[in-house]
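No experiment lies behind these values; they were computed from the predicted model shown. The basis for the numbers below is simple: all heavy atoms, side chains too, and nothing from hydrogens, waters or symmetry mates.
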Amino acid sequence: MKFHFVSIRSNIYSAFSTKLIKEIDELRKNPFPYQVQTFENLMTNGAQTFFGQEHSFHRVSKYRDYQNFIHIHQYEDLLPYIERIRRGESNVLWNQPIAWFAKSSGTSGTKSKFIPISLDSLRQCHYKGMRSLMAVYLKNNPKSRLFNGKSLTLGGSCTIDQNGHTRYGDLSAILLANSPRIAEWFRTPPKSMALHDHFEEKVIKIAKYVANQDITNFSGVPSWNLVLMRKILALTGKSNLLELWPKLELFMHGGISFEPYRKQYNRLIPSPDMHYVNTYNASEGFFAFQDDPQDPALLLLPNVGIFYEFIPFKQLDQAIGGSFVHFDTMESVQTGVDYAVVISTNGGLWRYLIGDTIRFTSLLPHKFIITGRTKLFINVFGEELMIDHAEKALVSACNQHRASVSDYTVAPVFMGVEAKGAHEWLVEFEQPPADLQAFARDVDRMLCQLNSDYEAKRAHNATMLPLKMQALEKGCFFRWMQRNNKLGGQHKVPRLSGSRDYVEALLALNRQIKKING
């Protein structure tokens with residue numbers, strides 16, 4: 001009888017999702033009308049704002065007008081408008097009151113960004129994106145018992161702005177704070193606990209609270225959820241999560257690549273029936289999700305109030321500098337090209353460079369992989385190393401050496417008067433390789449296979465020497481994040497950097513930990 005009731009829940013959700021599933025099927029075949037409609041809606045609403053009046057939105061009738069009247073923006077360009085909204089002004093960037101800002105420092109620096117979140121962006125983008133993911137998941141898994149238990153969320157925290165007009169916090173906290181009451185029937189822990197502002201205390205409280213509950217799914221950043229799951233096992237004495245939650249079937253992850261953590265999760269959840277679904281839900285919008293478990297590429301959503309533009313990565317500097325370059329739309333993109341993504345949103349971001357680079361793997365449906373960050377790559381010696389290559393090389397070496405990684409970061413070793421350059425990798429292993437030097441050689445070899453520019457600079461040690469790799473003490477990255485007030489939420493360890501700031505700080509901290517450990 002109980003199983004029948006659960007089936008009714010799933011059937012009800014699927015019935016309510018019928019229209020959405022039909023829309024997703026249509027956009028896979030023909031996404032362009034959705035983008036045309038999105039563009040027209042953005043122009044209509046944007047024309048009623050200070051920004052729209054300042055930039056002559058009333059004169060925009062087609063995309064090329066828009067491109068001519070509005071240059072691309074980075075965060076600093078929109079900051080004066082955002083500060084006006086935070087002081088209580090209305091209709092500055094969007095024709096709705098803005099009560100929330102997603103605070104994010106990303107991985108590109110320590111400066112906080114405040115991304116405006118409108119009611120439209122919450123309902124038509126973030127929540128619709130999540131509903132789409134769930135609808136597709138249930139369609140792909142008709143025997144799912146997802147509703148036969150609770151959804152576990154490790155959220156961030158939020159606070160009232162000093163001016164008293166708005167609130168800000170991690171995107172996860174904003175989504176939790178604004179979620180409808182009915183959602184509380186299916187999720188855990190209570191909002192008050194999930195939104196607690198001290199990460200380490202919150203992890204302990206949640207671990208104790210959910211240990212005896214029936215969890216079927218959880219979501220969030222892989223690294224922070226790993227901290228929570230290990231705490232739960234430590235408190236309960238269980239060897240894996242299925243001993244606590246036998247119906248656990250889904251982890252919806254995002255924020256960072258899941259691949260370096262896959263082995264660790266496979267040990268925590270030793271089940272062939274466990275599903276891992278990648279999501280691309282950034283502070284700026286819910287852009288895409290993995291709709292096929294056999295395909296790691298993400299399905300781009302053209303129907304969530306976001307208009308997309310794409311700049312070939314090699315032309316990005318020209319575009320930022322104001323030179324004319326060709327901006328692609330969903331109608332003109334090609335597969336196999338690294339693009340920087342520019343968005344206009346129903347939250348009031350206009351031709352905004354979000355900082356991610358993607359590469360389309362197919363068109364109709366438009367599916368892509370994330371290849372890196374516009375500011376997070378290393379090109380000191382002309383090697384053009386991006387996160388996509390680093391992740392693949394690291395995973396390959398881990399598979400060969402039966403190792404697993406908790407965290408890592410990479411920085412250049414700059415050329416000296418008589419010394420050639422190199423890359424330095426700082427890696428914290430969950431399961432270290434038997435031979436670190438052999439592991440490093442295999443990472444270097446795979447990078448040469450994946451990246452022709454890296455291979456050319458490494459050929460015969462002409463420009464670059466073999467990479468250097470150092471294994472850090474366990475807990476070093478966690479303590480570094482703790483010291484920099486970056487625990488939990490959507491904070492991420494910077495993977496690649498063109499400077500040595502992160503590396504030097506981590507090396508200094510690692511020496512301290514070694515000294516304490518004796």
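- In this structure, the separation between CG on Asn281 and CE on Met130 is 6.0 Å, given to the nearest 0.5 Å.
- Leu316 is listed as a side-chain neighbour of Leu353, based on a closest heavy-atom distance under 4.5 Å.
- Aromatic pair Phe186/Phe147: centroids less than 6.0 angstrom apart.
- Remark: Leu235 pairs with Ala207, Lys208, Lys231 by the side chain to side chain contact (heavy atoms under 4.5 Å, CB included) rule, at least two apart or across chains.
- Contact of the Ser90 side chain with the Ile85 side chain is not registered, since no non-hydrogen atoms from C-beta on lie closer than 4.5 Å.
- Classified by interplanar angle (parallel below 30°, tilted 30° to 60°, perpendicular above 60°), the ring pair His253/Tyr276 is tilted.
- Looking only at side-chain heavy atoms (C-beta outward), Tyr352 and Ser344 stay at 4.5 Å or farther from each other.
- With a 4.5 Å cut-off on side-chain heavy atoms, Tyr339 and Thr357 do not count as touching.
- A distance of 6.0 Å or more separates the ring centres of Phe114 and Tyr75.
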**Request:** Using the side chain to side chain contact (heavy atoms under 4.5 Å, CB included) rule, take Leu154 and Phe199 through it: C-alpha gap first, then chi angles, then the decisive distance, then the call.
**Result:** CA-CA 10 Å; Leu154 177 61; Phe199 179 76; 4.1 Å; yes
**Request:** Apply side-chain hydrogen bond (donor to acceptor under 3.5 Å, both in side chains) to Gln290 and Asn278, showing your working.
**Result:** CA-CA 5 Å; Gln290 184 182 2; Asn278 191 8; 5.3 Å; no
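- Asp291 and Lys367 are joined by a salt bridge, as a carboxylate oxygen and a charged side-chain nitrogen come within less than 4.0 angstrom of each other.
- Remark: aromatic rings of Phe258 and Tyr265 are close, center separation under 6.0 Å.
- At a cut-off of 3.5 Å, with distance as the only test, a side-chain donor of Glu26 or Tyr34 sits close to an acceptor on the other residue.
- Put simply, the side chain of Leu152 does not reach to within 4.5 Å of the side chain of Arg187, judged on heavy atoms.
- You'll find the side chain of Ser151 stays beyond 4.5 Å of the side chain of Thr216, heavy atoms only.
- Nearest heavy atoms, Val405 versus Cys398: CG2-SG, 3.6 Å.
- Side chain to side chain, Asp407 and Tyr261 meet the donor-acceptor criterion of an N or O pair below 3.5 Å.
- Evaluated for a side-chain hydrogen bond (donor to acceptor under 3.5 Å, both in side chains) with Arg351, the options His73, Glu309, Gln67, His71 yield exactly one hit, Glu309.
- Taking the six-membered ring where tryptophan is involved, the planes of Tyr66 and Tyr63 are tilted, since the angle between them lies from 30° to 60°.
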**Asked** So Lys29 and Leu364, side chain to side chain contact (heavy atoms under 4.5 Å, CB included) or not? Walk me through it.
**Response** CA-CA 5 Å; Lys29 301 172 185 175; Leu364 302 177; over 6 Å; no
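- Residues His275 and Tyr137 place their aromatic rings such that the two centres sit under 6.0 Å apart.
- With contacts defined as side-chain heavy-atom distances shorter than 4.5 Å, the pair His366/Phe32 qualifies.
- Under the 4.5 Å side-chain criterion, counting only non-hydrogen atoms from C-beta, Val92 is not in contact with Thr49.
- Relative orientation of the His55 and Phe51 rings is parallel, given thresholds of 30° and 60° on the angle between their planes.
- Aromatic ring pairs are classed by plane angle as parallel below 30°, tilted from 30° to 60° and perpendicular above 60°; the pair Trp350 and Trp94 is tilted.
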